[in-house]
Amino acid sequence: MPIALPELTPLQETLWLTLCCRAIDNRSSHRILGDETADEIVRETGYDHSRFRIMAAGALNVAHRAKKLDEIARRFFARHPRGVGLDLGAGLDSRVLRVSPPPEAEWYDLDFPEVIDLRRRLLPAAATPRGVAADLNEPGWLDALPADRPAVIVADGLLAFQSEEEMITLVDRLVGHFPSGEIAFNGYSTFAVWAQKHYKGAESVARIAKFPGFNDPRTPERWNPKLRLVKEILCMREPEVALFPPLLRWWTRLFAPSATLSRSGNVVLHYRF
Ligand SMILES: C[S@@+](CC[C@H](N)C(=O)[O-])C[C@H]1O[C@@H](n2cnc3c(N)ncnc32)[C@H](O)[C@@H]1O
């Protein structure tokens with residue numbers, strides 16, 4: 001029996017797209033991430049994802065970038081066991097279960113109040129240790145988080161819905177709040193933004209997307225002088241490509257030698273401050 005789901009805004013509704021992608025990845029014989037919680041939520045709610053027209057490659061890309069962001073967070077906690085983890089625009093993601101921070105660490109998931117409420121209803125308790133119910137572009141919500149510990153801040157699928165000015169303000173606030181830390185998010189090249197606008201099935205996302213895209217991974221260094229690029233992760237060059245289905249693997253390996261072509265695909269950007 002499908003669970004009655006609340007009415008969400010189109011922006012909040014995008015959480016189902018990424019959740020369904022991870023669920024599809026989990027059911028695939030070419031599994032990249034293995035997010036069983038996402039799979040369970042999609043099954044239990046009976047959410048109909050057919051309107052997103054998710055292609056196998058799209059699901060795999062979402063799972064792949066989530067894996068890269070998880071790895072960044074895991075490495076951070078290995079160095080900072082008392083650190084803070086913050087997932088911006090967490091949707092229904094149960095990243096904290098995959099990352100499994102040390103017991104002394106603190107993990108926070110931020111999203112709109114309606115989404116944080118839904119997280120509490122649909123996710124296992126261990127996946128919702130601390131929800132921050134806020135619009136991340138409003139000031140004040142950071143006051144509830146420790147300001148004396150380093151932080152790893154991840155944003156998966158969020159950037160598309162921010163303007164560049166909003167990103168600059170957000171980064172300023174984060175860098176001003178924590179003594180040091182790391183910020184990682186999936187990037188959008190100008191080609192990726194163009195492709196999103198023209199792909200049938202992504203209309204609901206394209207209508208509300210605001211970010212113009214950039215091709216130079218050092219662009220965010222100009223948003224805040226403390227931000228330094230650690231690595232531009234071009235997913236086409238990552239070892240998980242060996243797990244891709246044959247045709248996609250062949251295509252990816254054709255593109256991978258060129259940084260420009262690799263940037264047309266999945267990119268995870270990692271900075272420190
Ligand atoms: C594409 S979904 C990604 C969700 C999740 N990170 C994932 O990978 O499944 C984008 C999420 O960002 C949240 N979001 C977008 N803009 C936001 C804002 N200004 N404040 C808080 N949350 C926001 C949406 O509510 C949504 O849950």
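Using cut-offs of 30° and 60° for the angle between ring planes, the Y47 and W16 rings count as parallel.
Contact of the D35 side chain with the D25 side chain is not registered, since no non-hydrogen atoms from C-beta on lie closer than 4.5 Å. In this structure the side chain of E106 reaches within 4.5 angstrom of the side chain of R149, judged on heavy atoms. Contact annotation: the side chain of L8 approaches that of L15 to within less than 4.5 Å [non-hydrogen atoms, C-beta and beyond]. At a threshold of 4.5 Å between non-hydrogen side-chain atoms, the residues L269 and F214 count as touching. With contacts defined as side-chain heavy-atom distances shorter than 4.5 Å, the pair D216/R222 qualifies. Residues T37 and L123 form a side-chain contact, since some pair of their non-hydrogen atoms from C-beta on lies under 4.5 Å apart. Proximity of S94 to I41: side-chain heavy atoms (C-beta onward) are nowhere separated by under 4.5 Å.
Under the 4.5 Å side-chain heavy-atom criterion for ILVMFWY residues, a single connected hydrophobic cluster contains both L17 and L19. One hydrophobic cluster holds both L243 and L248 under the rule that ILVMFWY side chains link at heavy-atom gaps under 4.5 Å. Residues L86 and V96 do not share a hydrophobic cluster, defined by chaining ILVMFWY side chains whose heavy atoms lie under 4.5 Å apart. Linking Ile, Leu, Val, Met, Phe, Trp and Tyr residues whenever their side-chain heavy atoms come within less than 4.5 Å leaves I153 and W107 in two separate clusters. In terms of hydrophobic clustering, with Ile, Leu, Val, Met, Phe, Trp and Tyr side chains grouped at heavy-atom distances under 4.5 Å, L92 and F112 are assigned to a common cluster.
With a 6.0 Å cutoff to the six-membered ring centre and a 45° limit on the axis angle, R130 counts as a cation-pi contact of Y108.
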In residues 227-235, what donor-acceptor pairs under 3.5 Å come from side-chain atoms, sequence neighbours left out?
unit_1: E232; atom_1: OE1; unit_2: R263; atom_2: NH2; d: 3.1
unit_1: E232; atom_1: OE2; unit_2: R263; atom_2: NE; d: 2.6

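Side-chain contact, D172 with N224: a donor N or O sits under 3.5 Å from an acceptor N or O. Residues D111 and Q12 bring no donor and acceptor atom of their side chains to less than 3.5 Å of each other.
Judged by distance alone, with hydrogens and angles left aside, the side-chain atoms of H270 form no donor-acceptor pair with the main-chain N or O of L69 at under 3.5 Å. Of the possible polar contacts, none joining the S28 side chain to the I24 backbone as a donor-acceptor pair under 3.5 Å is found. Between the side chain of S262 and the backbone N or O of A256 there is at least one donor-acceptor pair closer than 3.5 Å. Formation of a donor-acceptor pair under 3.5 Å by the N186 side chain with backbone atoms of G157 is found in this model.
Minimum interatomic distance between A134 and W141 (heavy atoms only, all atoms of both residues): CB-CB, 3.7 Å.
A salt bridge does not link K67 with E238: none of the charged nitrogens is closer than 4.0 Å to a carboxylate oxygen. Using a 4.0 Å cut-off between charged nitrogen and carboxylate oxygen, R95 and D109 do not count as a salt-bridge pair.
Surrounding CD of E221 are more than 12 heavy atoms belonging to other residues, nucleotides or ligands, all under 6.0 Å away.
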